[in-house]
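Residue numbers begin at 1 in each chain, while the letters A, B, ... track the order of the sequences. Keep in mind the model is a prediction, meaning the values are calculated, not measured.
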Amino acid sequence: MKEAKKKKKPETSIGVSISALGAFSVYLITGLFLAVGFWVIRNIYFVDLISDPSLTLRLLWIIEFPIVVVIYSLFRRNPEKCSYFRAVGRSIVGLISGALINAFGAVSLGAPIGMQSLPKTIHWSFLMSVFTVVPASAVFGASWTDWHRVFASLKPTGNVEYMILIPAYGAIIGGWFGAWPMPLDWERPWQEWPICVCYGAIGGYIVGQMVSLSLMILLRKHKILKLA
Amino acid sequence: MTTAAMTCTRLTIFTVAGILLQIIGLSIFVFGFFPVKPTLSGVSGSESYRDPFCDSSLISNESELHHPAKLRLLYQELSGISSKYDRLILMVIDGLPAEFVLGKDGKPPEKVLKESMPYTQSLLANGDAIGYHAKAAPPTVTMPRLKAMVSGAIGGFLDVAFNFNTQALLDDNILGQFFRIGWKMVMLGDETWLKLFPGLFMRHDGVSSFFVKDTVQVDRNVSRHLPDELNSDDWNLLILHYLGLDHVGHTGGRNSPLMPAKLKEMDDIVRTMHLRAMMDRSHDQGQTLLIIVSDHGMTENGNHGGSSYEETDSLMLFIGLNSNISDYASATNNVAFQVDLAPTLALLFGVPIPKNNVGVLVPGTLCSLRDFEQLRALELNSWQLLRLMLAQIQSSSFPRVSCNCFLDGTCEGLDLDISECSGDKEKQLICLFRNAAALHGIWKSKKSTESSSTMEDFSRALDAYNTFLKTASEWLASKTTEKPVLLLGLGVSAMLLSCFICGTVFLSLFKEVYHEPKDRVCSLSNLLNLEEVFIFALLLILVISMGSSSMVEEEHYIWHFMVSTFHLLLLFKTAKSFKISKGMNILRDFKFGSIFSLLISGRLLRGWHQGGVNWTYLPDISKWLVQGGSGYVKWIQLISIILVIGLGLYTLFRTGSNRKGVRILAFGFSTCGFLVLLHVGRYQDELSTGFGATVTVKVIYYLLSISSIGASLVLPWSALNKDKSFLAEVGDCLYLIGSAYILCWCLLQQLLQQPINSGPILLLLLQILAILCLSSSDFQVNEWVEITALYYMGMAGHFALGNSNTLATIDVAGAFIGISSHSTILSGILMFMITYASPMLFLLSLVMYIGANLRNHSNSTISTHRETSLGQILKLKLGFPCLVPLCINSILLTAYTVVLLLMRNHLFVWSVFSPKYLYVCATTLCTYIGVCIVAATVTYTFYVTTFLRSNRTRHNNS
């Protein structure tokens with residue numbers, strides 16, 4: 001463990017770091033693309049999440065995925081050893097495996113399995129994968145120690161890891177809470193799988209971004225105070 | 001913690017005291033909350049023909065002085081209504097939804113159903129019959145509904161609890177009234193009638209509703225007497241109660257292929273009776289009235305008990321009223337209440353209306369009466385309702401009125417104009433009655449003088465009476481839910497106190513358990529870990545969700561969602577402690593495997609039955625299997641029974657001990673399993689329960705009980721391993737006994753449950769084994785979290801077996817497997833076992849859990865301080881695990897009691913919250929029984945092993 005920590009320190013200094021302002025602009029761009037996705041769906045395809053969830057979700061993740069990959073691959077570990085395109089490639093692998101993990105989680109929590117809901121589940125899990133796994137896989141690659149440290153032990157170091165960790169958990173927790181209204185008998189169309197889960201996940205993602213931003217600012221002040 | 005250290009005895013005393021307090025509080029609350037007694041005692045006599053404001057003390061004991069025939073004449077004279085009918089045939093078709101005969105929302109019934117009842121439909125089309133959708137009050141179970149029909153009173157909700165224990169109906173009812181005027185009565189059919197009215201029938205032939213799978217013979221036994229009875233002339237009332245249709249529903253649902261044939265059979269009986277009893281006789285003597293009623297409807301699956309439209313939509317069909325209805329729509333598109341039957345019969349046949357009746361005269365029956373008779377009938381009905389009202393309103397809030405003042409117009413303190421009625425409900429009712437009585441008076445006075453322009457007055461009086469009756473009936477029906485505040489307060493406070501006691505005991509023990517030095521490392525590192533917070537939050541979520549009626553209806557979603565979230569948290573925790581540097585540890589593999597099997601089996605269980613109320617139509621595994629054909633179900637059943645036996649034997653032998661006792665046990669269970677297989681293979685398809693099937697099932701019962709009781713009694717004595725420590729020995733033994741319990745319970749459930757539920761039983765067993773495997777592999781999850789998780793999984797499994805919070809999902813058919821004679825207690829026990837299969841299974845697995853726990857800890861910790869007394873060990877190792885389910889249950893019960901109290905005026909209090917409360921009470925009972933079994937087994941094993949050890953040391957010393 002000690003060895004690993006020693007090794008990591010130089011690595012993080014090698015990796016591209018980012019200021020809170022930079023993080024804010026990254027969030028702004030990703031948020032903008034999300035909004036663009038919604039705009040395109042509404043004004044070009046004339047559907048929305050309620051009327052055609054599977055098409056909407058597909059368009060959303062297809063629009064969101066490239067921008068997330070493009071941005072987060074900039075912050076990859078060991079930029080000398082690992083080329084930009086390699087980071088892009090591994091994030092595609094991350095997208096698929098993340099979708100599998102998310103789909104497993106959703107199904108085990110009770111998402112319907114059936115031919116009608118299968119495309120919805122698939123596209124929902126791709127979108128969740130874009131929120132949760134893709135940034136991490138672009139940055140960390142297959143480094144198990146980094147994954148474990150950030151996601152399981154919850155010990156992120158540096159702003160990039162905050163940017164990866166907190167919105168990802170935000171999306172998961174938001175999605176989990178988003179499933180709550182589903183059994184109520186309000187008879188609203190958005191109570192269907194995966195609409196409210198989707199809203200919850202996007203909401204949680206945005207809240208996670210805000211929390212991570214404020215954490216970055218707070219911790220920086222902390223550090224400055226400590227240094228002083 | 002030295003002061004809080006409790007001895008084992010004190011702990012036991014406190015816990016038992018808390019539980020006793022809880023039981024007392026619960027029973028006080030239940031008897032306070034659910035109305036049991038009707039309000040008025042006694043029987044209506046001739047005083048019911050007088051104005052309720054007149055002094056009736058003079059004639060109160062008149063009825064005893066009269067001979068039945070004289071009494072009949074007296075009633076006739078007093079009532080002023082000439083009864084046209086002298087005979088009544090009441091045909092009860094159990095479980096027939098009115099929709100089958102009358103259609104729904106103005107549409108005729110389905111073509112198949114309509115064509116299978118050609119004669120009845122032709123009667124309806126000709127105007128010879130008039131049908132009503134008679135709304136039945138929940139609970140829609142036979143006995144309370146029969147009581148409601150004959151007494152006109154909406155019975156208490158608890159009647160359902162006594163449904164299998166029918167007792168004589170002592171309240172005033174229409175049959176008693178008929179008996180008093182000397183009617184001769186014959187009853188053929190469901191023997192519930194005989195239990196309700198012992199000694200009332202001149203001739204009877206009761207059939208039992210006992211063999212639910214018998215759909216043919218049960219009705220033949222009724223119809224075989226029909227020709228004789230129709231020929232004979234000596235009866236006034238003939239009751240036919242056909243059970244077959246209900247049985248068809250229970251076995252095959254609404255769309256059962258047997259349904260059209262059964263309806264055809266019923267239609268033939270209607271034709272026979274109509275042609276023989278009514279057409280032939282109608283000229284020379286008095287007329288016969290034929291009434292076809294059903295006691296309740298049924299759901300799509302053929303169950304009943306709840307309050308959905310399908311279940312409450314019962315039929316009331318009058319044949320032989322000379323009503324002038326000609327078109328089909330107005331003959332079928334009528335609505336009434338089931339309780340309306342009692343006053344209607346009383347008024348048509350000239351007997352007093354039963355005292356506690358809240359029904360009103362069915363309007364369509366009025367047409368057969370003359371003008372003044374119609375108003376008189378309504379007046380009598382109003383008087384009766386008014387009497388019931390007066391008994392419930394405090395006299396202070398009621399203006400003093402003198403005899404007959406409404407008619408004379410001499411009442412004090414009431415203005416006598418016909419006015420709009422407003423104000424509070426009581427005043428409004430009095431006002432409505434006054435209006436009606438005054439209009440009646442006006443019509444009477446005018447009628448004696450001029451006869452031409454009375455039509456308008458007549459219809460005004462009729463309307464006024466109908467308005468009063470409708471309002472009064474609704475008010476009285478709502479009034480039956482009045483609660484005694486003192487009892488409720490006492491009950492709730494007793495439950496709160498017991499909850500507090502349990503909580504305190506648990507907390508003090510909790511501190512003790514987690515401040516032991518051995519657990520310090522564990523407890524400090526996980527001071528605020530995720531699972532504990534989650535498990536605790538889940539308890540809060542459950543309590544909060546109970547307040548919403550839709551969450552109560554769809555409770556299974558919460559359980560499945562939360563339990564699988566808990567499993568995912570476990571997965572997260574395992575991943576957290578997973579280090580790639582250590583390599584693929586075998587133990588870790590086990591962990592991942594168990595968690596994944598927990599998740600997958602949990603998902604399968606969730607998908608097995610689409611429970612609840614609102615989304616039952618969605619596809620699920622059970623529907624899919626059933627649609628696939630019975631072959632699939634059979635295969636699933638066979639495979640799961642074999643796997644259950646295999647898994648059970650594997651756990652039995654996994655302890656590594658090759659004792660003789662274990663082998664005998666294994667042999668016993670394999671025999672049982674074989675017999676269960678035999679029963680499934682040979683007998684389950686047959687609709688009638690044959691002799692061979694019953695014998696096989698009985699043998700299985702005996703074998704299973706002998707093996708499990710024998711295991712728990714004998715196995716502790718056979719412990720002979722000297723090398724092991726005391727705790728390891730006890731742990732081994734308990735593990736064996738626990739696995740014997742579980743195997744026994746699973747086999748029993750494979751026998752009792754519906755065939756489709758055999759898969760879930762296997763999955764539940766898998767879950768138990770997986771979680772035990774997890775807890776034994778050094779899993780760093782606190783003991784109480786694991787036990788709570790067991791309890792939660794038990795509840796999730798309860799819903800996965802197709803149960804819900806409505807009474808309709810209780811499997812009645814299974815409760816009669818292997819019983820050859822009717823026994824309320826036995827079938828009640830079987831029904832309880834079927835319904836609470838899963839919670840009980842998880843509670844029984846506590847024995848195994850405690851055993852595994854003891855074995856694991858024996859090597860490491862307790863061996864260091866061996867001197868700890870037996871009481872101390874028992875307290876920590878048995879008392880603590882047992883307190884966890886008791887505490888959770890106590891919290892849930894108390895919280896739900898408070899919720900029910902808060903919801904007492906909710907619209908769904910009788911349909912959603914009260915059935916759920918019965919389930920909560922039954923869960924409490926289940927928890928008590930389970931914990932008792934666990935405590936008894938563990939204590940016994942501990943004492944026996946101590947005894948053996950001390951004997952051995954004495955031998956060694958000597």
> With rounding to the nearest 0.5 angstrom, report the CD1 to CD1 distance, B:I621 to A:I113.
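Going from CD1 on B:I621 over to CD1 on A:I113, the span is 7.5 Å.
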
> Show me the donor-acceptor pairs within less than 3.5 Å that the side chains of residues 533-540 of chain B make with the rest of the protein, sequence neighbours left out.
none

> Go through the atoms of B:F566 and report whether side chain, backbone, both or neither lie under 4.5 Å from a heavy atom of chain A.
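No part of it gets close to chain A.
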
> So what's closer than 4.5 Å to chain B heavy atoms on A:F151: side chain, backbone, both or neither?
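A:F151 touches chain B through backbone heavy atoms alone.
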
> Please determine whether the number of non-hydrogen atoms from other residues, nucleotides or ligands lying under 6.0 Å from atom CH2 of B:W624 exceeds 12.
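Not buried by this count: 12 neighbours or fewer within 6.0 Å.
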
> Under a 3.5 Å distance rule, please check whether B:R603 uses its side chain to pair with a backbone N or O of A:L109 as donor and acceptor.
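Not at all, since once roles are kept as given, no pair shorter than 3.5 Å links the two residues.
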
> If I take atom OG from residue A:S108 and atom CG from residue B:L598, how far apart are they, to the nearest 0.5 angstrom?
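A:S108 OG to B:L598 CG: 11.0 Å, rounded to 0.5 Å.
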
> Would you mind writing out the side-chain donor-acceptor pairs for residues 53-62 of chain A within the sub-3.5 Å range, not counting sequence neighbours?
residue	atom	partner	partner atom	Å
A:T56	OG1	A:D48	O	3.2
A:T56	OG1	A:D52	O	2.6
A:W61	NE1	A:H123	ND1	3.2

> In terms of heavy-atom pairs under 4.5 Å, which option from A:G114, A:A179, A:A152, A:G105 contacts chain B the most?
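Heavy-atom pairs under 4.5 Å are most numerous for A:A152.
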
> Taking the side chain as C-beta and beyond, is there a heavy-atom pair between B:S548 and A:L184 under 4.5 Å?
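B:S548 vs A:L184: side chains touch.
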
> What residues of residues 551-560 of chain B sit under 4.5 Å from chain A when you count only heavy atoms?
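Against chain A, the residues of residues 551-560 of chain B that fall inside the cut-off (heavy atoms, under 4.5 Å) are B:M551, B:E553, B:E554, B:Y557.
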
> Can you check whether B:F561 reaches A:W176 side chain to side chain, under 4.5 Å on heavy atoms?
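Yes, close enough: below the 4.5 Å cut-off.
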
> Please check if atom CZ in B:F572 has more than 12 non-hydrogen atoms from other residues, nucleotides or ligands closer than 6.0 Å.
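Atom CZ in B:F572 is packed in, count exceeds 12.
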
> Might you confirm whether atom CD of B:Q610 has over 12 heavy atoms from other residues, nucleotides or ligands at distances under 6.0 Å?
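Check passes, neighbour count above 12.
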
> Applying side chain to side chain donor-acceptor pair (under 3.5 Å), can you list everything that pairs with B:S549, at least two apart in sequence or on another chain?
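Here no residue qualifies.
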
> By a 4.5 Å heavy-atom criterion (distance strictly below it), what part of B:L605 contacts chain A: side chain, backbone, both, or neither?
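Looking at B:L605, nothing touches chain A.
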
